[in-house]
Amino acid sequence: MRKFKVAVCQMLVTENKEENLIKAEEMIREAKSQEAKIVVLPEIFNCPYNSQSMLEMAETYPGETTSRLSNLAKELSLYIIGGSIAEKSKNKVYNTSFIFGPQGELLGRHRKMHLFDIDIKGKITFKESDVFEAGDEVTVVDTGFCKIGVAICFDMRFPELMRLMVLKGAEVIIVPAAFNTTTGPAHWHETIKVRAVDNQVYFVAASPARNLQSSYHAYGFSTIMNPFGEVVGAAEEGETIVYGEIDLNYVEKVRQELPLLKNRRKDLYTLTEV
Ligand SMILES: NC(=O)CC(=O)C(=O)O
């Protein structure tokens, strides 16, 4: 399959886990009815993005949220990039994206590698490292028809990680995220565009809808960007599903016509995993 539809569920996340799970399911079913092959949820989609809720609502794998996503992937024969959830594992908690294939199988799991510790005076202070441990693996999953790099939110600010995923074969990078109303307007659109253009990939960034009732105001503006830096689908702040076509032939064409990846001076610099 060289062309397929991706859907990003920009859902409004509330304090009620069951409500969030039902909303995610409804949006995934709607995306399937529109013939999406891959459906993406946002970062921390089953509870509010605050330290206390994430600690209280953390789940082990397998657990309630992941079982529901896996069953849904199987029933609808879909790829689901399950946003992220707080994952409890051996007395630690990670910010983890679980990725399911159309048989409900776990295709991969990404634990956020770069924790979002930020202190912009008078604007936003947030310390993810109070809650989470950092993951330590680069994640590229193979669907059989394309390789997809998966990272979470703050990870997208680190160009080395994005490039490593591409060197491992990623033609599409998918990032469940939750920028906010300070960093979003300043950096969201530009970061998505430059990561897509530098790496010649489709770049899919999924945000929750903005919820002004919550303590963390997500930016919204989920976006699907093509490898030439053109927007193929985008939301504003509100709850919606964004659709876009991924064309793997176009990735190949852009990489041939503007051979950035080929023309790297590997004799002068290299990027390796430690
Ligand atoms: N929430 C994040 O992890 C990152 C973010 O909001 C930002 O980088 O800005």
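Every heavy atom of this structure was used, including side-chain atoms; hydrogens, water molecules and symmetry mates were not. Note that this is a predicted model, so its numbers are computed, not measured.
We find that Lys23 and Glu239 are joined by a salt bridge, their nearest charged nitrogen and carboxylate oxygen being less than 4.0 Å apart. The pair Lys112-Glu128 meets the salt-bridge criterion, since a charged nitrogen lies less than 4.0 angstrom from a carboxylate oxygen. Using a 4.0 Å cut-off between charged side-chain N and carboxylate O, Asp155 and Arg157 make no salt bridge. Looking at Lys37 and Glu245, no side-chain N of the basic residue comes within less than 4.0 Å of a carboxylate O on the acidic one, giving no salt bridge. Ion pairing between a basic and an acidic side chain is recognised when a charged N comes within 4.0 Å of a carboxylate O; Glu18 and Arg68 show such pairing. Comment: Glu190 does not engage Arg195 in a salt bridge, judged by the lack of any side-chain N to carboxylate O separation of less than 4.0 angstrom.
For the residue pair Tyr219 and His189, a side-chain donor N or O sits within less than 3.5 Å of a side-chain acceptor on the partner. For the 3.5 Å distance criterion, the side chains of Thr65 and Glu59 qualify, holding a donor opposite an acceptor. Judged purely by distance below 3.5 Å, without hydrogens or angles, the side chains of Arg111 and Asn95 never pair a donor atom with an acceptor atom. At a cut-off of 3.5 Å, with distance as the only test, a side-chain donor of Glu19 or Thr14 sits close to an acceptor on the other residue. Using modelled atom types and a 3.5 Å distance limit, the side chains of Asp130 and Ser51 yield no donor-acceptor pair.
Residues Met57 and Leu21 are members of separate hydrophobic clusters, defined by side-chain heavy-atom contacts under 4.5 angstrom among Ile, Leu, Val, Met, Phe, Trp and Tyr.
Annotation: the span from Thr66 atom OG1 to Leu106 atom CG amounts to 8.5 Å, rounded to 0.5 Å. To the nearest 0.5 Å, the span separating CD on Glu252 from CZ on Arg255 amounts to 9.0 Å. One distance of note links NE2 of His217 with CG of Asn211; it measures 7.5 Å at 0.5 Å rounding. Between Phe203 atom CZ and Lys193 atom NZ the span is 14.0 Å, to the nearest 0.5 Å. In this structure, Arg29 CZ and Cys9 SG are separated by 12.5 Å, a value rounded to the nearest 0.5 Å. To the nearest 0.5 angstrom, Ile81 atom CD1 is 7.5 Å from Leu107 atom CG.
Remark: Glu30 CD is packed, more than 12 non-hydrogen atoms of other residues, nucleotides or ligands lying under 6.0 Å away. Within 6.0 Å of the CD atom in Glu230, the count of heavy atoms belonging to other residues, nucleotides or ligands exceeds 12. Atom CG of Asn91 sits in a sparse spot, with 12 or fewer heavy atoms from other residues, nucleotides or ligands closer than 6.0 Å.
Between Cys47 and Lys17 the shortest side-chain heavy-atom distance does not fall below 4.5 Å. Using a 4.5 Å heavy-atom threshold, the side chains of Pro176 and Pro42 count as separate. Residues Leu55 and Phe132 fail the side-chain proximity criterion, which asks for heavy atoms closer than 4.5 Å. Two residues are said to be in side-chain contact when any heavy atoms from C-beta on lie closer than 4.5 Å; Ile38 and Ile174 meet this criterion. Using a 4.5 Å cut-off on side-chain heavy atoms (C-beta onward), Ile118 and Ile124 make contact. Considering only heavy atoms from C-beta on, Lys168 stays 4.5 Å or farther from Met165 through its side chain. Ile85 is not listed as a side-chain neighbour of Ile44, based on a closest heavy-atom distance of 4.5 Å or more. Using a 4.5 Å heavy-atom cutoff, the side chains of Val150 and Arg109 are not in contact.
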Might you work through the ring-ring contact (aromatic ring centres under 6.0 Å, His included) test for His114 and Phe154, ending with a clear yes or no?
-> CA-CA 6 Å; His114 304 88; Phe154 202 44; 7.1 Å; no
Passes side-chain contact (heavy atoms from CB on, under 4.5 Å), Leu258 versus Gln200? Steps please.
-> CA-CA 9 Å; Leu258 177 64; Gln200 307 191 297; 3.9 Å; yes
When you look at Phe179 and Phe221, which way does the ring-ring contact (aromatic ring centres under 6.0 Å, His included) test go after all the steps?
-> CA-CA 10 Å; Phe179 272 39; Phe221 290 89; over 10 Å; no
In sequence, state the C-alpha distance, the side-chain angles, and the governing distance for Tyr250 and Phe228, and then conclude on ring-ring contact (aromatic ring centres under 6.0 Å, His included).
-> CA-CA 9 Å; Tyr250 189 60; Phe228 204 67; 7.2 Å; no
Given the rule in the side-chain contact (heavy atoms from CB on, under 4.5 Å) test, do Arg264 and Leu167 qualify, once you have shown the distances and angles that lead to the verdict?
-> CA-CA 12 Å; Arg264 287 174 300 123; Leu167 297 180; 3.5 Å; yes
Between Leu69 and Phe45, does a side-chain contact (heavy atoms from CB on, under 4.5 Å) hold up when you go through it step by step?
-> CA-CA 12 Å; Leu69 290 182; Phe45 74 94; 3.9 Å; yes
Given Met11 and Asn20, is the side-chain contact (heavy atoms from CB on, under 4.5 Å) satisfied, shown in steps?
-> CA-CA 8 Å; Met11 55 180 282; Asn20 295 327; 4.1 Å; yes
Verify ring-ring contact (aromatic ring centres under 6.0 Å, His included) between Phe98 and Tyr61, making sure each step is shown before the conclusion.
-> CA-CA 9 Å; Phe98 291 92; Tyr61 174 80; 5.0 Å; yes
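For the pair Lys5 and Tyr243, the cation sits on the ring face: its NZ or CZ lies under 6.0 Å from the ring centre, inside 45° of the axis.
In this structure, Glu43 and Ser84 approach most closely via the heavy-atom pair CG-OG, 3.3 Å. Across Val242 and Ala235, no two heavy atoms sit closer than the pair CG2-CB, 3.5 Å. For the pair Asn50 and Ser215, the tightest heavy-atom approach, listed with the atom from each and the gap, is CB-OG, 3.8 Å. In plain terms, the two heavy atoms of Ala170 and Gly149 that are nearest each other are CB-N, 3.7 Å. The minimum heavy-atom distance linking Ala178 with Cys153 is given by the pair N-SG, 3.1 Å. The shortest heavy-atom contact between Ala36 and Leu78 is O-CD2, 3.1 Å.
Lys32 places a side-chain N or O within 3.5 Å of a backbone atom of Leu76 that can act as its donor or acceptor partner. With hydrogens and angles ignored, the 3.5 Å screen pairs a side-chain donor or acceptor of Asp117 with a backbone N or O of Ser129. Between the Ser222 side chain and the Val8 main chain, no donor and acceptor come within less than 3.5 Å of each other. A side-chain donor-acceptor contact under 3.5 Å links Asn180 to the backbone of Thr182. Judged by distance alone, with hydrogens and angles left aside, the side-chain atoms of Ser207 form a donor-acceptor pair with the main-chain N or O of Gly220 at under 3.5 Å. No donor-acceptor pair closer than 3.5 Å links the side chain of Glu87 to the backbone N or O of Thr96. Judged by distance alone, with hydrogens and angles left aside, the side-chain atoms of Thr143 form a donor-acceptor pair with the main-chain N or O of Cys146 at under 3.5 Å.
Between Tyr79 and Phe100, the gap from one ring centroid to the other reaches at least 6.0 Å.
Taking the six-membered ring where tryptophan is involved, the planes of Phe145 and Phe4 are perpendicular, since the angle between them exceeds 60° and thus also 30°.
Shown are Val40, Ile173, Thr223; of these, the side-chain contact (heavy atoms from CB on, under 4.5 Å) with Val204 is made only by Val40. Checked against Val6 for a side-chain contact (heavy atoms from CB on, under 4.5 Å), the options Ile148, Val172, Ile224 give a single hit: Ile224.
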